[in-house]
Asker: 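The structure follows.
A note on names: the letters A, B, ... follow the listed sequences, proteins ahead of strands, and every chain is numbered from 1. This is a predicted model, so every value here is computed, not measured.
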Protein chains: 2
Amino acid sequence: MKLSTKGRYGVKAMFDLAQHFGEGPIALKGIAERQGISEHYLEQLMAVLRKAGLVKSIRGAQGGYILAREPENITVGEIIRVLEGPLAPTECVSEEDPEMCKNAPTCITRTIWQKMRESLAEVVDSITLADMVRDAEKLKGQENLMYYI
Amino acid sequence: MKLSTKGRYGVKAMFDLAQHFGEGPIALKGIAERQGISEHYLEQLMAVLRKAGLVKSIRGAQGGYILAREPENITVGEIIRVLEGPLAPTECVSEEDPEMCKNAPTCITRTIWQKMRESLAEVVDSITLADMVRDAEKLKGQENLMYYI
DNA sequence: ACAAAACCGATAAAAATACTCGGATATGAT
DNA sequence: ATCATATCCGAGTATTTTTATCGGTTTTGT
């Protein structure tokens with residue numbers, strides 16, 4: 001049940017874009033450096049995110065990437081699904097057009113995969129990039145507080 | 001976030017053993033046939049489950065496998081962890097001795113992976129093999145009911 | 001014109017997955 | 001005792017996925 005680097009890097013990169021939202025296009029190089037990701041590899045992931053309509057790109061000098069929507073309107077679930085495919089632990093419980101085997105209607109294990117998918121979806125679909133930015137700010141505030149105690 | 005065949009086959013096989021619990025040793029061949037799994041491959045998975053103490057094996061003619069504990073006391077979570085490793089989507093939020101990177105304490109994405117793991121664990125740790133057998137019986141009852149309507 | 005930066009396609013090493021095969025060993029039934 | 005039945009064990013292997021790397025093309029602000 002591991003997440004591959006695609007999903008991990010993708011969420012990190014999108015979080016980085018959310019933190020710099022409103023500052024114009026953010027260059028891939030900076031994102032890769034701040035998040036500790038191979039630049040060329042991240043480029044491929046950004047292409048996927050762009051084709052999925054989650055980010056916009058501006059080419060040429062001073063170009064970069066911008067979130068296609070406000071951070072409030074992009075969930076972690078969307079990002080992961082775009083980069084890793086459906087959240088479902090098996091094909092037979094995919095959100096859309098699941099490939100069910102012939103005994104799916106009476107398959108008991110299937111009900112378990114379904115519950116796993118639903119539980120996971122509830123978590124990732126409820127977290128937006130704005131939430132992450134807010135949490136990061138909060139954490140930063142707590143750090144400063146520590147110096148005064 | 002896919003489950004590999006290891007976890008899927010493992011849960012299916014353990015469910016099969018639970019359905020036949022009390023009938024003495026169940027041969028691998030039968031399990032493989034009923035669940036549609038390659039016999040030799042399942043053998044390897046059973047070895048892992050045996051070493052983890054989830055099943056006992058009886059060698060020789062009329063031999064086979066038996067659940068090491070009552071179906072009430074074996075959860076789906078245990079089976080999946082044994083065959084697939086920790087439920088955690090990343091190493092840094094593993095249940096025991098997680099391999100954290102140096103910025104783990106302030107890592108915002110890490111809190112997400114943590115929530116995913118917790119949510120998933122809650123589901124799979126709350127389902128026992130006995131629950132699955134009960135659900136299967138219930139489903140069978142409903143099928144019979146359909147003929148009478 | 002130039003440098004910055006996204007875009008694109010190909011390649012490739014490494015790891016994981018999903019088996020397959022052949023034989024060794026144990027044991028209940030005849 | 002023999003034999004068929006089953007588990008046990010180690011090795012091999014084709015395929016896929018992952019995780020990149022590389023080199024060049026195009027776009028565009030300065």
Asker: Measuring from Leu87(B):CG to Leu3(B):CG, what's the distance to the nearest 0.5 Å?
Answerer: 9.0 Å
Asker: Would one find a side-chain N or O of Tyr41(A) under 4.0 angstrom from OP1 or OP2 of dA12(C)?
Answerer: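 Tyr41(A) to dA12(C) OP1/OP2: no side-chain N or O under 4.0 Å.
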Asker: Look at Ser38(B) and dA18(C) and indicate whether a side-chain polar atom (N or O) is within less than 4.0 Å of OP1 or OP2.
Answerer: no
Asker: Given atom CG of Leu28(A) and atom C1' of dA20(D), what is their separation to the nearest angstrom?
Answerer: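 So the two atoms are 14 Å apart, to the nearest Å.
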Asker: Between dT20(C) and Gln44(B), counting only base atoms on the nucleotide and side-chain atoms on the residue, is there a donor-acceptor pair under 3.5 Å?
Answerer: yes
Asker: For Lys2(A) and dT19(D), what is the distance between atoms NZ and C1' respectively, to the nearest whole Å?
Answerer: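 Rounded to whole Å, this separation is 17 Å.
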Asker: Specify the separation, in whole Å, of atom CD1 of Ile31(A) and atom C1' of dA5(C).
Answerer: 12 Å
Asker: CG/Leu83(A) to CD/Glu78(A) distance, rounded to the nearest 0.5 angstrom?
Answerer: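 Those atoms lie 11.5 Å apart.
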Asker: Quick one: are Ile26(B) and Ile66(B) in side-chain contact, heavy atoms under 4.5 Å?
Answerer: no
Asker: Expressed as a whole number of angstroms, how long is the span from Lys51(A):NZ to dA6(C):P?
Answerer: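 It works out to 15 Å between those atoms.
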Asker: Check whether any side-chain N or O of Ser57(A) sits under 4.0 Å from OP1 or OP2 of dC7(C), and answer yes or no.
Answerer: yes
Asker: Have a look at Lys29(A) and say if it touches a base, only the backbone sugar-phosphate, or nothing, with a 4.0 Å heavy-atom cut-off.
Answerer: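 No contact.
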Asker: Rounded to the nearest angstrom, tell me the gap between atom CG in Leu42(A) and atom P in dT18(D).
Answerer: 17 Å
Asker: Could you work out which one of dC21(C), dT19(D), dA4(C) sits closest to the side chain of Thr5(A)?
Answerer: dT19(D)
Asker: Could you give the distance from CG (Leu17(B)) to CE (Met46(B)), rounded to the nearest 0.5 Å?
Answerer: 5.0 Å
Asker: What nucleic acid atoms does Arg50(B) come within less than 4.0 Å of, heavy atoms only: base, sugar-phosphate, or nothing?
Answerer: sugar-phosphate
Asker: In whole Å, I'd like the distance from the NZ atom of Lys56(A) to the P atom of dT27(D).
Answerer: 20 Å
Asker: From the set dT21(D), dC8(D), dC21(C), return the single nucleotide nearest to any side-chain atom of Tyr65(B).
Answerer: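 That would be dC8(D).
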Asker: Heavy-atom nearest nucleotide on DNA chain D for Glu43(A) versus Ile58(A): which residue maps closer to 5'?
Answerer: Glu43(A)
Asker: Rounded to the Å, how far apart are Glu84(A) CD and dT18(D) P?
Answerer: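 Rounded to whole Å, this separation is 7 Å.
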Asker: Considering only dG28(C), dA6(C), dA20(D), which nucleotide approaches the side chain of Gln62(B) most closely?
Answerer: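 So the nucleotide nearest the side chain must be dG28(C).
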Asker: Are Tyr9(A) and dA20(D) close enough that a side-chain N or O sits under 4.0 Å from OP1 or OP2?
Answerer: yes
Asker: Starting at atom NZ of Lys6(A), determine the distance to atom P of dT17(D), rounded to an integer number of angstrom.
Answerer: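 Spelled out: NZ on Lys6(A) to P on dT17(D) is 9 Å.
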Asker: Under a 4.5 Å cut-off applied to non-hydrogen side-chain atoms, are His20(B) and Glu23(B) in contact?
Answerer: yes
Asker: Does any N or O donor sit under 3.5 Å from an N or O acceptor when you compare the side chain of Arg59(B) with the base of dT7(D)?
Answerer: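 Per atom types, the contact qualifies.
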